[in-house]
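Taking it in order: structure first as structure tokens, then the write-up.
Keep in mind that this is a model prediction, so the values were computed, not measured.
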Amino acid sequence: MNSFLSLSITPLLSLLFLLFLFPSHSLNPNTFTSAQQSFLQCLNSSFPSNLIFTPTNKNYTTLLFSSIQNLRTLTNSPKPLLILTPTQESHIQSSISCSNTLNILLRIRSGGHDYEGLSYASTMSNFFIIIDLQKLNSITIDSSVSTAWVQAGAILGEVYYAIAMKSRVVGFPAGSCPTVGVGGHFSGGGLSTIMRAYGIAIDNIIDARIVNAKGEVLDREAMGEDLFWALRGGGGASFGVILSYKIKLVQVPPKVTIFTISKTLEEGATKLVSKFQNIAYNLDKRLFLQSLLQPVNENSPNKTIQATFSSLFLGKKEELVSILKQSFPELELNETDCTEMSWIESVLNFGGYSSDSPLNVLLNRKPWSNTTSFKNKSDLLTKPITEEEWNEIFRFLLEGNQWVMLIIDPLGGMVAEVSETETPFPHRKGSLYDVQYITQWTEEGIETTEKHLKWIRKFYEFMTAYVSRNPRGAYLNYRDLDLGVNGEGNTSYMKASVWGEKYFKGNFRRLAQVKSEVDPGNLFRYEQSIPLLF
């Protein structure tokens with residue numbers, strides 16, 4: 001839902017950023033070249049040379065930056081030895097085999113949206129390879145049974161476009177940002193504007209294909225239910241390379257309704273946010289009502305907080321207005337505030353486009369045009385925050401001097417009707433809202449970055465009293481390395497539990513059991529990969 005966080009840079013700028021951002025780590029160039037050559041020799045003829053990119057290749061930098069969203073994540077990472085762009089399953093099998101043989105880490109990139117850059121960067125090792133899945137992006141829809149096989153390299157926009165080409169009354173509950181990759185988004189959960197009616201993305205996955213640490217290609221039947229469970233919310237990159245997901249499509253009405261209403265503190269925003277928090281998670285399942293909070297007029301005496309309420313309703317505007325006049329009369333919603341459109345047009349709207357844009361804009365894989373660094377953190381709310389407490393929070397936000405936004409998404413509905421152990425995503429009944437804190441900046445320099453990081457960490461600490469506890473929850477797809485990281489080798493389960501239980505609660509232990517069974521050599525490891533159970 002955060003298209004404003006994306007970035008895009010020209011090849012020349014990419015080269016300059018690469019030279020500036022990627023540190024050398026005092027790595028001997030001969031050692032780098034030797035490791036690179038060893039991997040190439042291992043691949044030999046099993047991987048076509050035109051699909052392999054080395055740092056000396058003229059397209060290497062352009063490819064590396066083609067889907068990078070967050071410049072901050074490159075600051076402490078060496079450059080990858082190679083970027084591999086497989087076009088068939090056997091290419092991935094060869095890559096895994098060589099990674100095993102040479103003990104060189106893999107990074108699996110689908111859309112490049114990982115908030116901490118873990119699909120294209122590493123702070124664990126000087127040697128790693130990127131497997132970039134963007135050429136594995138086919139989508140095959142079976143309209144007769146409303147299912148689709150989606151390869152992991154596809155982006156959400158491609159999925160929505162393919163569905164719309166088949167039917168305007170069929171959809172799928174996944175994220176709003178169209179350039180997000182399927183592989184990471186689905187494997188981490190997949191929140192959406194229609195999740196309260198249909199569940200989150202992983203609740204609608206019925207099969208998957210993966211290449212495991214042995215190089216075997218497995219579907220649901222072959223992998224078994226434990227691994228299939230783990231791939232739906234446990235972060236697929238800990239267990240292998242996900243090739244594709246089979247998803248169950250959902251029926252949507254011919255017309256949906258959207259609206260956006262903004263109010264400042266002077267216009268009663270505090271009371272509205274407080275009332276919103278008391279009702280939005282418990283409204284009609286067809287109604288998604290989120291709130292975005294941010295300081296506005298930042299460089300003037302009129303600095304204030306603006307609360308924006310955005311909604312999608314799976315029905316017509318007359319019924320939506322009737323529902324909210326009863327449950328949220330303070331918002332004073334009228335039919336003139338509402339716009340009816342098809343579901344796919346609402347996808348365009350929430351994706352940052354005009355709802356009358358041509359649908360093929362959803363096929364654009366390039367990040368939005370800016371050069372941004374950002375830091376995100378997340379929380380789960382298990383009880384509403386009072387009006388007095390919101391006043392305290394707004395005072396804190398107004399004292400700051402930087403760009404910041406809070407996004408509050410209601411859960412409840414079908415999300416809460418699934419048991420918290422049914423999938424690794426545990427934020428079900430009792431979790432009322434997912435909250436995302438975002439700060440972003442365009443200025444360069446380590447001091448500037450540290451200033452912004454210090455502020456958002458201070459704000460996260462300030463919010464402790466108002467959010468979930470024991471453990472304090474977090475959403476995996478809003479990756480946050482501040483919660484804790486693994487070491488370079490085999491991090492113990494107890495050490496990893498510091499961050500793991502925040503994402504997964506009690507499901508973390510089962511994930512570690514699955515990891516120990518399917519990847520006992522811990523081939524697929526990264527800063528927050530699922531640990532072995534020891």
Between K285 and E417 (salt bridge meaning N to carboxylate O under 4.0 Å), is one present in this structure?
yes
In short, salt bridge (Lys or Arg N to Asp or Glu O under 4.0 Å) pairs touching residues 118-127 with sequence neighbours left out are none
Are I163 and I344 close enough, and set up right, to give a side chain to side chain contact (heavy atoms under 4.5 Å, CB included), and what steps lead you there?
-> CA-CA 9 Å; I163 292 172; I344 192 63; over 6 Å; no
Side chain to side chain contact (heavy atoms under 4.5 Å, CB included) evaluation trace for F524 with I96: CA-CA 9 Å; F524 299 103; I96 290 174; 3.8 Å; yes
Nearest heavy-atom contact between L348 and S355 is CD1-O, 3.6 Å
Non-hydrogen side-chain atoms of F39 and L81 separated by less than 4.5 Å | no
- Query: So, D142 versus W149: side-chain donor-acceptor pair below 3.5 Å or not?
  - Reply: no
Side chains of Q134 and S66 in contact at under 4.5 Å (non-hydrogen atoms) = yes
Practice task
Give a yes or no on whether the backbone of Q436 and the side-chain of Y475 come within a donor-acceptor separation of less than 3.5 Å.
Solution key: no
*asked:* Assess, by modelled atom type and distance only, whether the side chains of R107 and S122 contain a donor and an acceptor separated by less than 3.5 Å.
replied: yes
Just do the side chain to side chain contact (heavy atoms under 4.5 Å, CB included) check on R72 and E116 with the steps written out, would you?
CA-CA 8 Å; R72 174 185 63 83; E116 299 283 10; 3.0 Å; yes
| Between Q69 (side chain) and H113 (backbone), is there a donor-acceptor pair under 3.5 Å? | no
CG of D480 to CG of L483, rounded to nearest 0.5 Å, is 4.0 Å
Rounded to the nearest 0.5 Å, the NE2 atom of H185 sits from the CG atom of L476 at a distance of 11.5 Å
Taking Q93's backbone N and O only, do any of them form a donor-acceptor pair with S97's side chain (distance below 3.5 Å, no angle check)? no
Exactly one candidate in I108, L51, L64, L63 meets side chain to side chain contact (heavy atoms under 4.5 Å, CB included) with D132; the answer is L63
Atom pairs and distances, side-chain donor-acceptor, residues 230-250, under 3.5 Å, sequence neighbours left out:
unit_1: R232; atom_1: NE; unit_2: F228; atom_2: O; d: 3.2
unit_1: S238; atom_1: OG; unit_2: Y526; atom_2: OH; d: 3.4
unit_1: S238; atom_1: OG; unit_2: I530; atom_2: N; d: 2.9
unit_1: Y245; atom_1: OH; unit_2: L231; atom_2: O; d: 2.9

Practice task
Kindly determine whether L191 and F425 satisfy side chain to side chain contact (heavy atoms under 4.5 Å, CB included), including the steps that lead there.
Solution key: CA-CA 11 Å; L191 306 185; F425 177 88; 4.0 Å; yes
I'd like a table of donor-acceptor pairs (distance under 3.5 Å, sequence neighbours excluded) in which one partner is a side-chain atom from residues 195-207, with atom names and distances.
unit_1: R196; atom_1: NE; unit_2: L411; atom_2: O; d: 2.7
unit_1: R196; atom_1: NH1; unit_2: D284; atom_2: O; d: 2.8
unit_1: R196; atom_1: NH1; unit_2: L287; atom_2: O; d: 2.7
unit_1: R196; atom_1: NH2; unit_2: Y281; atom_2: O; d: 2.9
unit_1: R196; atom_1: NH2; unit_2: L283; atom_2: O; d: 3.1
unit_1: Y198; atom_1: OH; unit_2: Q251; atom_2: O; d: 2.5
unit_1: D203; atom_1: OD1; unit_2: R428; atom_2: NH1; d: 3.4
unit_1: D203; atom_1: OD1; unit_2: R428; atom_2: NH2; d: 2.8
unit_1: D203; atom_1: OD2; unit_2: I200; atom_2: N; d: 3.0
unit_1: D203; atom_1: OD2; unit_2: R428; atom_2: NH1; d: 2.9
unit_1: N204; atom_1: ND2; unit_2: Y198; atom_2: O; d: 3.1
unit_1: N204; atom_1: ND2; unit_2: I200; atom_2: O; d: 3.1
unit_1: D207; atom_1: OD1; unit_2: R220; atom_2: N; d: 2.9

Taking I155's backbone N and O only, do any of them form a donor-acceptor pair with N137's side chain (distance below 3.5 Å, no angle check)?
no
CG of L43 to SG of C98, rounded to nearest 0.5 Å, is 4.0 Å
Original post:
What orientation do Y115 and Y478 show, parallel under 30°, tilted 30 to 60°, or perpendicular over 60°?
Top reply: parallel
>> side-chain hydrogen bond (donor to acceptor under 3.5 Å, both in side chains) for N100 and K214? Distances and angles first, verdict last.
In response: CA-CA 9 Å; N100 248 324; K214 297 179 181 178; over 6 Å; no
Original post:
Can you find a heavy atom in the side chain of H427 that is under 4.5 Å from one in the side chain of D434?
Top reply: no
Nearest heavy-atom contact between L40 and T54 is CD1-CG2, 4.4 Å
- Thinking salt bridges, do D482 and K375 make one under a 4.0 Å N-O criterion? yes
Separation between CG (L453) and OG (S373), nearest 0.5 Å, reads 9.0 Å
Does T123 reach the main-chain N or O of S77 with its side chain, forming a donor-acceptor pair under 3.5 Å? no
> Do L74 and Y120 touch side chain to side chain, with heavy atoms closer than 4.5 Å?
Replying inline: yes
CD of E221: more than 12 outside heavy atoms within 6.0 angstrom? no
Could you check, using the six-membered ring where one of them is a Trp, whether F172 and F186 have ring centers closer than 6.0 angstrom? yes
Counting distance only, does the side-chain N/O of S310 pair as donor-acceptor with the main-chain N or O of T260 below 3.5 Å? no
CG (N50) and OG1 (T85) are apart, to the nearest 0.5 Å, by 7.5 Å
Sub-3.5 Å donor-acceptor pair from the side chain of W343 to the main-chain atoms of R168, do we have one?
no
Nearest heavy-atom approach of S125 to L105 is CB-CD1, 3.7 Å
Scanning both residues in full, the closest heavy-atom pair of E158 with G153 reads OE1-O, 4.5 Å
Just wondering, do N507 and T421 contact through their side chains at under 4.5 Å, heavy atoms? yes
inquiry  = Ring-plane angle category for F508 and F504, please: parallel below 30°, perpendicular beyond 60°, tilted otherwise.
reply    = parallel
> Does the side chain of P424 reach to within under 4.5 Å of the side chain of Y503, using non-hydrogen atoms?
Replying inline: no
Nearest heavy-atom contact between G183 and S110 is N-OG, 3.2 Å
query: Is there a side-chain contact between F65 and L71, using heavy atoms and a 4.5 Å cut-off?
result: yes
#### Entry: Backbone of T448 reached by a side-chain donor or acceptor of E443 within 3.5 Å
no
Review point. Do side-chain atoms of E345 reach the backbone of D356 as a donor and acceptor pair under 3.5 angstrom?
Key: no
Margin query: Main chain of F288, side chain of S311: is a donor-acceptor contact present, judged purely on distance under 3.5 Å?
Written below: yes
Rounded to the nearest 0.5 Å, the OG atom of S378 sits from the NZ atom of K502 at a distance of 10.5 Å
query = What about F259 and F313, are their ring centers closer than 6.0 Å?
reply = no
Closest heavy-atom pair, S431 versus K505, reported as atoms and distance to 0.1 Å, is OG-NZ, 4.3 Å
Apply side-chain hydrogen bond (donor to acceptor under 3.5 Å, both in side chains) to the pair T439 and Q402, showing each step before the final yes or no. CA-CA 8 Å; T439 186; Q402 60 192 49; 3.3 Å; yes
Hey, is CD on Q294 packed in by over 12 heavy atoms from elsewhere, all under 6.0 Å? yes
_Student check: side-chain heavy atoms of I129 and S95 closer than 4.5 Å_ = no
